[in-house]
Amino acid sequence: MTATTEHTVRVPAPRTAAPSARTRRTARRRRLGAAGVLMAPFFLLLTTVFLIPVGTAAYLSFYSDDQPGLGFGPEHTVFVGLRSYAAVLTDPTFLGGLGTVAAYCLIYIPLMVAGALLLALLLDSGVVRLRAFAQLGLFLPHAVPGIIAALIWLYLYTPGISPVIDLFARADITIDFLGVHTVLPSIVNIALWSNLGYNMVVFYAALQAVPREVIEAAVVDGAGPVRTALQVKTPLVRASIVMVAMFTLIWALQLFTEPMLLSQSSQMINSRFSPSMYIYDAAFTRNNYSLAAAASVVLLLCTVALSYGVTRLTSRDSTAEEAR
């Protein structure tokens, strides 16, 4: 009998050749090309809407129209350097407008952030019934254009035609919503009415992303509704709070629509009440485009500096909390 022995022959797998440097460069160029195509609309919009206007304003701020011969000669553009910036920074009306906007921010931003967060926490906790209708009712004022909202409140603030003032008068309460001490809170009220619901939706969406297990664990540990809201939910939506605060700050520094319309019925609001109104007055009333451009650049630098400060401060606090 013959025994047959089978031998298994293992064939080595073919080695995959390492990609050459040329292949890697080609793949990298393709990735960069795809990223460029996807980012092109963003950079196009950024250049068109932001960079070109900022560059134009910076250019105009260094030039001014001059008429020699006691104003009777031909008008020509001359380089004035930093003269327009010096005029803006030494103008008491512009500095007063910055002070007004600073006071507006100190009142408006805390009320906006705290109010929107409180409403979002109430909706998330289930205390408010008919949640969908409550969200719709709070968000609807934001759908009203800013000019229409200011006109509505101008009607409610104007004596003689306002039903609100007539209602207070029946109770022997005299109130002037456009007085020297009440005009700024009245403007804050319009901005809150318009934007509170929008920011509430932002916070509510962030709260919906909070893991339910974390909240259930806090309840099991004995945390009540208030403690859960303040010590559990609020820290978890910190990023949304910072974002809302920063965007609210940016919009507050550009205060224009509300005081511009209210100035029709209040002597407390002049044509240079805020920096944006100062820029509008310089450009379209005094026809001093160099001064308006310089004021625009100054306002932009203030906005960028404050936004950067808010970002740095919040990131530092977040790092300190993580280190603990």
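Nothing here was measured: the structure is a model prediction, and the numbers come from that model. As a basis for the values below, the full set of heavy atoms in this structure was taken, side chains included, without hydrogen atoms, waters or symmetry mates.
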Shortest non-hydrogen contact between Pro185 and His181, atoms and distance: CD-O, 3.8 Å
Does Ile107 reach the side chain of Leu111, with side-chain heavy atoms less than 4.5 Å apart? yes
At their closest point, which heavy atom of Val113 faces which heavy atom of Phe203, and how far apart are they? O-CE1, 3.7 Å
Pair Leu306, Val310 - check side chain to side chain contact (heavy atoms under 4.5 Å, CB included), show working. CA-CA 6 Å; Leu306 290 174; Val310 170; 5.5 Å; no
Got a second to check how far Leu156's CG is from Ile161's CD1, nearest 0.5 Å? 9.0 Å
Does a side-chain heavy-atom distance below 4.5 Å link Leu121 with Thr234? yes
Quick one: OG on Ser265 to CZ on Phe177, what's the gap to the nearest 0.5 Å? 13.5 Å
Main chain of Ala120, side chain of Asp124: is a donor-acceptor contact present, judged purely on distance under 3.5 Å? no
Taking C-beta and beyond as the side chain, do Val242 and Thr311 meet within less than 4.5 Å on heavy atoms? no
Given side chains that start at C-beta, do those of Tyr308 and Leu313 come closer than 4.5 Å, heavy atoms only? no
More than 12 heavy atoms from other groups under 6.0 Å of OH on Tyr289: yes
Do Val49 and Val297 sit in the same hydrophobic cluster, where Ile, Leu, Val, Met, Phe, Trp and Tyr count as joined when their side-chain heavy atoms come under 4.5 Å apart? no
Please tell me whether Val88 and Val304 are part of a single hydrophobic cluster in this structure, the criterion being side-chain heavy atoms less than 4.5 Å apart. no
Non-hydrogen side-chain atoms of Tyr63 and Val80 separated by less than 4.5 Å: no
So Phe79 and Phe62, would you call those rings parallel, tilted or perpendicular, with 30° and 60° as cut-offs? parallel
Asn195 CG to Tyr108 OH distance, which is reported to the nearest 0.5 Å: 4.0 Å
On a heavy-atom basis, which atom in Leu291 and which in Ser84 lie closest, and how many Å separate them? CD1-O, 3.9 Å
Look at the aromatic rings of Trp153 and Tyr157 and report parallel, tilted or perpendicular, splitting at 30° and 60°. tilted
Could you check if a side-chain atom of Val210 sits within less than 4.5 angstrom of a side-chain atom of Arg212, using non-hydrogen atoms only? yes
My understanding is that only residues two or more places apart in sequence, or in another chain, count here; which of them pass side chain to side chain contact (heavy atoms under 4.5 Å, CB included) with Leu196? Met112, Ala116, Leu119
Is the closest side-chain heavy-atom distance between Thr56 and Leu60 below 4.5 Å? yes
Strictly distance-based, threshold 3.5 Å: is any side-chain N or O of Ser162 a donor or acceptor partner for the main-chain N or O of Ile165? yes
Pro53 and Thr48 have their tightest heavy-atom pair at CD-O, 3.4 Å
Crowded around Ile147 CD1? As in, over 12 foreign heavy atoms under 6.0 Å? no
Option passing side chain to side chain contact (heavy atoms under 4.5 Å, CB included) with Tyr278 (candidates Leu299, Thr93, Asn270, Leu98): Thr93
May I ask you to decide if Leu122's main-chain N or O and Ser125's side chain share a donor-acceptor pair within less than 3.5 Å? yes
So, the side chain of Ser266 versus the backbone of Leu178: is there a donor-acceptor pair under 3.5 Å, distance only? yes
Looking at CE of Met277 and CG of Leu255, how far apart are the two atoms once the value is rounded to the nearest 0.5 Å? 8.5 Å
Report whether Phe94 and Leu82 are members of the same hydrophobic cluster (ILVMFWY, side-chain heavy atoms less than 4.5 Å apart, transitive linking). yes
Kindly indicate, with the supporting measurements, whether the criterion side chain to side chain contact (heavy atoms under 4.5 Å, CB included) is fulfilled by Ser194 and His142. CA-CA 5 Å; Ser194 299; His142 183 72; 5.6 Å; no
So which atom in Val101 and which in Pro275 form the shortest heavy-atom distance, rounded to 0.1 Å? CG2-CD, 3.3 Å
Are Met268 and Ile175 linked, directly or through intermediate hydrophobic residues, by side-chain heavy-atom contacts shorter than 4.5 Å (ILVMFWY only)? yes
Indicate whether any N or O donor in one side chain lies under 3.5 Å from an N or O acceptor in the other, for Asn199 and Tyr204. no
Is there a side chain to side chain contact (heavy atoms under 4.5 Å, CB included) between Thr303 and Trp251 once you walk through the steps? CA-CA 9 Å; Thr303 304; Trp251 285 108; over 6 Å; no
Quick one, Ile190 with Leu262, criterion side chain to side chain contact (heavy atoms under 4.5 Å, CB included). Give me CA distance, side-chain angles, the key distance, then yes/no. CA-CA 11 Å; Ile190 299 175; Leu262 293 181; 4.0 Å; yes
Residues Leu230 and Pro235: closest non-hydrogen pair is O-CD, 3.5 Å
Could you grab the distance from atom CD of Gln254 to atom OG of Ser276, nearest 0.5 Å is fine? 6.0 Å
Heavy atoms, side chains only, cut-off 4.5 Å: are Glu258 and Leu261 in contact? no
Does Arg286 make a cation-pi contact with Tyr280 (under 6.0 Å, within 45 degrees of the axis)? no
In terms of side-chain heavy atoms, does Tyr85 have a donor or acceptor partner in Ser61 at a distance below 3.5 Å? yes
For the atom pair CG (Leu167) and CD1 (Ile173), what is the distance rounded to the nearest 0.5 Å? 8.5 Å
Hydrophobic cluster membership, Val180 vs Val188, 4.5 Å side-chain cutoff: yes
Working for side chain to side chain donor-acceptor pair (under 3.5 Å), residues Ser274 and Thr100: CA-CA 7 Å; Ser274 68; Thr100 300; over 6 Å; no
